[in-house]
Undergrad: 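Below you will find the structure I want to go over with you.
Here the structure is a predicted model, which means the values were calculated and not measured.
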Amino acid sequence: MKSRNLRAEDWRDLLRLAGECRELGDDPIGWRRHLIEALCGLTDAHLGFAGEMEGCRTLQHKDLGMVPWMRSGTVGPERIGAAVEDFRGDSTHVPAMLDYFRRDPIPEGTCLGCPEVFDDRSWYASDDYRVVFEPCGFDQTLWCFRPILGAGHDQNTGIVLVRAKGGRPFESRLLFLVREAHAAIAPMIGGPLARFADPSPMHLPQRARPVLACLLEGDGDKQIAARLGLSVHTVNEYTKAIYRHFGVRSRPELLARWIRRGWTSSSFESRPM
């Protein structure tokens with residue numbers, strides 16, 4: 001359909017957004033917040049969520065982490081916050097999402113809006129609309145979920161965008177835009193883009209970071225001890241702590257994880273020379 005054709009500036013926006021998210025990739029909250037804020041701007045949405053869920057295709061979904069964003073001046077942020085907490089406690093709290101999942105859109109990363117999932121009567125009678133969205137001044141919604149590559153147990157990445165009450169349904173071009181944005185982002189999750197459960201270099205204890213830098217340069221324990229003025233025993237203890245932090249058992253595994261995630265020397269503070 002012609003209305004779904006993206007313009008050249010749309011593709012430029014998506015390419016730039018993927019690069020910006022990658023720059024923030026070590027922060028699982030930061031890159032998602034940037035993603036959802038940018039998509040809200042591109043689609044004229046007022047509220048958005050980006051996160052991870054498992055069990056979506058079996059309709060036994062479980063929240064693995066979620067980042068909300070809403071425009072300043074939005075009415076009812078406390079109610080939205082409470083709804084987010086309810087969802088985290090029981091992800092079936094949003095029955096409209098179940099109707100989206102029943103269409104089995106995840107393998108293709110299909111993006112659907114309210115008109116594609118509900119007729120108007122069903123949507124405006126739903127608990128999602130009556131209990132949460134209407135009191136907060138929200139209405140039209142879109143959902144887009146995709147598999148997280150390499151992750152088991154039906155683990156998926158999701159985007160939900162919501163427009164203020166009175167807004168039109170999301171146009172087919174914008175549904176396609178969100179789908180393409182998600183298609184560009186999803187393959188990087190668990191690699192350059194951190195998952196919620198991923199260890200981060202920035203969460204490593206300060207004193208262990210110089211040892212990590214030396215390990216990545218290929219130094220042995222004695223070399224590290226000499227360069228940093230530490231005992232070999234201390235270096236060995238730091239090395240064990242680093243392995244535990246990143247969930248690896250050897251230097252090759254550590255290096256492989258580092259390369260796979262696309263981390264750089266700026267991912268942690270540089271060691272003193």
Undergrad: Against the six-membered ring of F138, is R163 placed for a cation-pi contact (under 6.0 Å from the centre, within 45° of the normal)?
TA: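 Pair R163/F138 does not count as cation-pi.
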Undergrad: Among T157, V67, I159, L193, which residue satisfies the side chain to side chain contact (heavy atoms under 4.5 Å, CB included) criterion with R32?
TA: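 Looking at T157, V67, I159, L193, the match for R32 under the side chain to side chain contact (heavy atoms under 4.5 Å, CB included) is V67.
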Undergrad: Ignoring hydrogens and angles, tell me if any N or O in the side chain of D219 forms a donor-acceptor pair with the backbone of I224 under 3.5 Å.
TA: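 Not at all, since once roles are kept as given, no pair shorter than 3.5 Å links the two residues.
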Undergrad: Side-chain contact, heavy-atom cut-off 4.5 Å: L230 with V211?
TA: yes
Undergrad: Quick one: does L212's side chain get under 4.5 Å of L204's, heavy atoms only?
TA: yes
Undergrad: Would you check if the side chain of E116 reaches a backbone N or O of G113 as a donor-acceptor pair within less than 3.5 Å?
TA: yes
Undergrad: Between C40 and W69, which heavy-atom pair has the shortest distance, and what is it?
TA: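 Closest approach of C40 to W69, heavy atoms only: CB-CZ3, 3.5 Å.
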Undergrad: Is a donor on one side and an acceptor on the other found under 3.5 Å between the side chain of E180 and the backbone of L177?
TA: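 No, E180 side chain to L177 backbone: no donor-acceptor pair under 3.5 Å.
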Undergrad: Is there a chain of hydrophobic side chains (I, L, V, M, F, W, Y, each step under 4.5 Å between heavy atoms) that links Y129 to V131?
TA: yes
Undergrad: Between E9 and R16, does at least one N-O distance fall below 4.0 Å, as a salt bridge requires?
TA: no
Undergrad: Given 3.5 Å as the limit, does a donor-acceptor pair link the side chain of N156 with the main chain of F145, or not?
TA: no
Undergrad: Side chain of S122, backbone of F118: donor and acceptor closer than 3.5 Å?
TA: no
Undergrad: Can any side-chain N or O of R57 pair as donor or acceptor with the backbone N or O of D104 at less than 3.5 Å?
TA: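 No, because the side chain of R57 does not come within donor-acceptor range (under 3.5 Å) of the backbone of D104.
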Undergrad: Name the one of T141, D139, D99 that satisfies side-chain hydrogen bond (donor to acceptor under 3.5 Å, both in side chains) with W123?
TA: D139
Undergrad: Between atom CG of L161 and atom CG of L47, what is the distance when rounded to the nearest 0.5 Å?
TA: 8.5 Å
Undergrad: Can you list everything that forms a side-chain contact (heavy atoms from CB on, under 4.5 Å) with R251? Sequence neighbours excluded, please.
TA: L215, D221, Y243
Undergrad: Could you pull out all residues at least two apart from T110 that satisfy side-chain contact (heavy atoms from CB on, under 4.5 Å)?
TA: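 T110: side-chain contact (heavy atoms from CB on, under 4.5 Å) contacts with P105, E108, L112.
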Undergrad: Would you check if the side chain of R22 reaches a backbone N or O of P192 as a donor-acceptor pair within less than 3.5 Å?
TA: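 Side chain of R22 to backbone of P192, a donor-acceptor pair under 3.5 Å: no, none is there.
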Undergrad: How many angstroms lie between CG in L17 and CD in E37, if you round to the nearest 0.5 Å?
TA: 10.5 Å
Undergrad: Say whether L64 and M66 are linked into one hydrophobic cluster, either directly or through other cluster members, by side-chain heavy-atom distances under 4.5 angstrom.
TA: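 No, it is not one cluster - the side chains of L64 and M66 are not joined through contacts under 4.5 Å.
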Undergrad: Please name the pair of heavy atoms, one in L35 and one in C21, separated by the smallest distance, quoted to 0.1 Å.
TA: CB-SG, 3.8 Å
Undergrad: Give me the atom names and distance for the closest heavy-atom approach of G48 to I36.
TA: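 Closest approach of G48 to I36, heavy atoms only: C-CG1, 3.5 Å.
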Undergrad: Looking at side-chain heavy atoms only, is the closest gap between W258 and P201 below 4.5 Å?
TA: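 The answer is yes, as the side chains (C-beta and beyond) meet within the 4.5 Å cut-off.
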Undergrad: Look at the side chain of W31 and the backbone N and O of E23, then say whether any donor-acceptor pair between them is shorter than 3.5 Å.
TA: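 No, because the side chain of W31 does not come within donor-acceptor range (under 3.5 Å) of the backbone of E23.
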Undergrad: Salt-bridge test for R249 and E253: reply yes if a basic N is under 4.0 Å from a carboxylate O, no otherwise.
TA: yes
Undergrad: Is the backbone of R7 close enough, under 3.5 Å, to the side chain of D10 for a donor and an acceptor to pair up by distance?
TA: yes
Undergrad: Where is the tightest heavy-atom contact between G218 and Q223, given as atom of each residue plus distance?
TA: O-OE1, 4.2 Å
Undergrad: Tell me which pairs pass salt bridge (Lys or Arg N to Asp or Glu O under 4.0 Å) where either residue lies in residues 183-201, with sequence neighbours left out.
TA: E52-R195, D198-R261
Undergrad: Within a reach of under 6.0 Å around CZ of R207, are more than 12 heavy atoms found that belong to other residues, nucleotides or ligands?
TA: no
Undergrad: Are I259 and L216 co-members of a hydrophobic cluster defined by side-chain heavy atoms under 4.5 Å apart?
TA: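 Shared cluster, yes.
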Undergrad: Give a yes or no on whether the ring-centroid distance for H61 and F101 is below 6.0 angstrom.
TA: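 Yes, they do, as the ring centres are separated by less than 6.0 Å.
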